[in-house]
There are 2 protein chains.
Amino acid sequence: MSEISRNGAGASGQPGRIGIGLELDAVHMKILEVLRENGRISVSALAERVGISRANAYTRFEALRADGAIKRFTAEIDHVRTGLGITALIFVTVRQQMWKQFRAELARMPEVEYCAITTGQHDAMIQVRMSDVAEVHAMVTDRLANIPAVKATETVFILDEVLRRPYVLPSDRDKARPVRRAAQEASGDVPLGKMRFVGAAEGRAALRKDG
Amino acid sequence: MSEISRNGAGASGQPGRIGIGLELDAVHMKILEVLRENGRISVSALAERVGISRANAYTRFEALRADGAIKRFTAEIDHVRTGLGITALIFVTVRQQMWKQFRAELARMPEVEYCAITTGQHDAMIQVRMSDVAEVHAMVTDRLANIPAVKATETVFILDEVLRRPYVLPSDRDKARPVRRAAQEASGDVPLGKMRFVGAAEGRAALRKDG
DNA sequence: GTTGAAATTAGTACGAA
DNA sequence: TTCGTACTAATTTCAAC
């Protein structure tokens, strides 16, 4: 039931701007880099890996937590082992003016792992974990369908989760190696034709107001 | 670059079946419940919260880790603070027989936080974090478009991440409260019409073989 | 922001229930 | 298996620099 930070694609605050609080320097970033890989590392070991003193590491660690740059520490669990081996994505079309109700209902659905409001054909995407396909069907038809705010849904199943990185950082960008296709790069010939961007549906501008 | 467990919606192993390793009992689940909320809790405090001895907690903690039920511990980071305030979902249509190449290219893209292979209109969904919208555009047109395995893409932006739960457990299901709509429940009248399930695209059956 | 010492806590080993 | 205790090693806190 954790409300997480708004991304605000254009609307709220400049992206890239570090919040009102702490100014994050290179050392802070390095700390985050270590912590996202190993959330249980001791602060002493962290200090060593980052190359700062223990006291400094404690100060920064606490500052990052207090500031909210680190939201929480969590254990990644193997859902297949715990009996929730089926994952589905449900794309939801929400009746305008009923966002508030939609969000309230979401809070009552603990089997929902993730929910994001998106541009494009649908309004929201929710990810659920279930023990079998029938349960997904029941969830969609019995629970979601009974929410007046839900106008329509479209469900797809996840066949394989190829990767999940423990939270991306800007420093990752530098590690990116562009695909080497000499001929294409030389001519600047990028096949734009096969790409498609989908903007927000009509009426979505009022999202924040009634959400 | 972490390969995560397969979900296998029907293909591999029964869902709900606890793997070859450890049999997870109620105490294991309770441990996971605590650990997903607070990944940095000490084993002593964990033992107390779960109601078992310290020694037992150590044994079970180690067993869960060794068994793979706990995959890793990680820090949840506020992406807005770290300068990656823009999140996008890119739905990718992959050329059949080129899954292996597609996966290889994904490994070289650190800005990709999540990738799942899905049923439905598209073949895969990837989630990326960027500092601005232009970077998403560059990523899609310059990097993804240059991968021969990518036939087409469709990009949507995430306007708001309403919730992210630190990994769902079966016990969460019991907390689910169905929507109370007396009239509808009495008559069993569920508006199935507004729901849609989308199966795998043609040729996706060979997914595992060339992936 | 750093170092080093004291106090506290974590992790291990082992015998008993 | 699980618990309780004792022992050892490590971490956190706090001080002075």
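By convention in this document, chain letters (A, B, ...) are assigned in the order of the sequence lines, proteins followed by strands, and residues within each chain are numbered from 1.
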Report, one line per pair, each donor and acceptor closer than 3.5 Å where one atom sits in a side chain of residues 41-53 of chain A; sequence neighbours left out.
residue: A/S42; atom: OG; partner: A/A45; partner atom: N; Å: 3.1
residue: A/S53; atom: OG; partner: A/N56; partner atom: N; Å: 3.3

Do the two ring centres, one from B/F91 and one from A/F91, sit under 6.0 Å apart?
yes

Is the shortest side-chain heavy-atom distance between A/R40 and B/L35 below 4.5 Å?
yes

Could you tell me if the side chain of A/M98 sits less than 4.5 Å from the side chain of A/I147, heavy atoms only?
no

Heavy atoms, side chains only, cut-off 4.5 Å: are B/R143 and B/V150 in contact?
no

Short side-chain N/O contact to D/dT1 OP1/OP2 from B/R60, under 4.0 Å
no

Residues of residues 43-57 of chain A with any non-hydrogen atom less than 4.0 angstrom from an atom of DNA chain C: list those, numerically ordered, please.
A/S53, A/R54, A/A55, A/N56

Name the first nucleotide and the last nucleotide along DNA chain C (5' to 3') that come under 4.0 Å of a heavy atom in chain A.
C/dG1 to C/dA5

Mind running a 4.0 Å heavy-atom check of residues 34-42 of chain B against DNA chain D and sending the residues that fall below it, in number order?
none

Please tell me if the side chains of A/I86 and A/E135 come closer than 4.5 Å, counting only heavy atoms from C-beta onward.
no

Can you classify the ring geometry of B/F197 versus A/H137 as parallel (below 30°), tilted (30 to 60°) or perpendicular (above 60°)?
tilted

Nucleotide D/dT12, atom P - distance to OH of A/Y58 in whole Å
3 Å

Tell me the bend of the helix from C/dG1-D/dC17 to C/dA17-D/dT1 as the angle between end helix axes, each from five pairs, rounded to the nearest 10 degrees.
30°

With heavy-atom distances below 4.5 Å as the criterion, would you say the side chains of B/L24 and B/L64 are in contact?
yes

Among residues at least two apart in sequence or on other chains, which ones pass salt bridge (charged side-chain N to carboxylate O under 4.0 Å, His left out) with B/R54?
none

Hey, are the side chains of B/M125 and A/L89 touching, using non-hydrogen atoms and a 4.5 Å cut-off?
yes

Any donor and acceptor pair, going by atom type alone, linking the side chain of A/R81 with main-chain N or O of B/D67 inside 3.5 Å?
yes

B/K175 side chain reached by A/P110 side chain, heavy atoms, under 4.5 Å:
yes

Check whether any side-chain heavy atom of A/W99 sits under 4.5 Å from a side-chain heavy atom of A/I117, and report yes or no.
yes

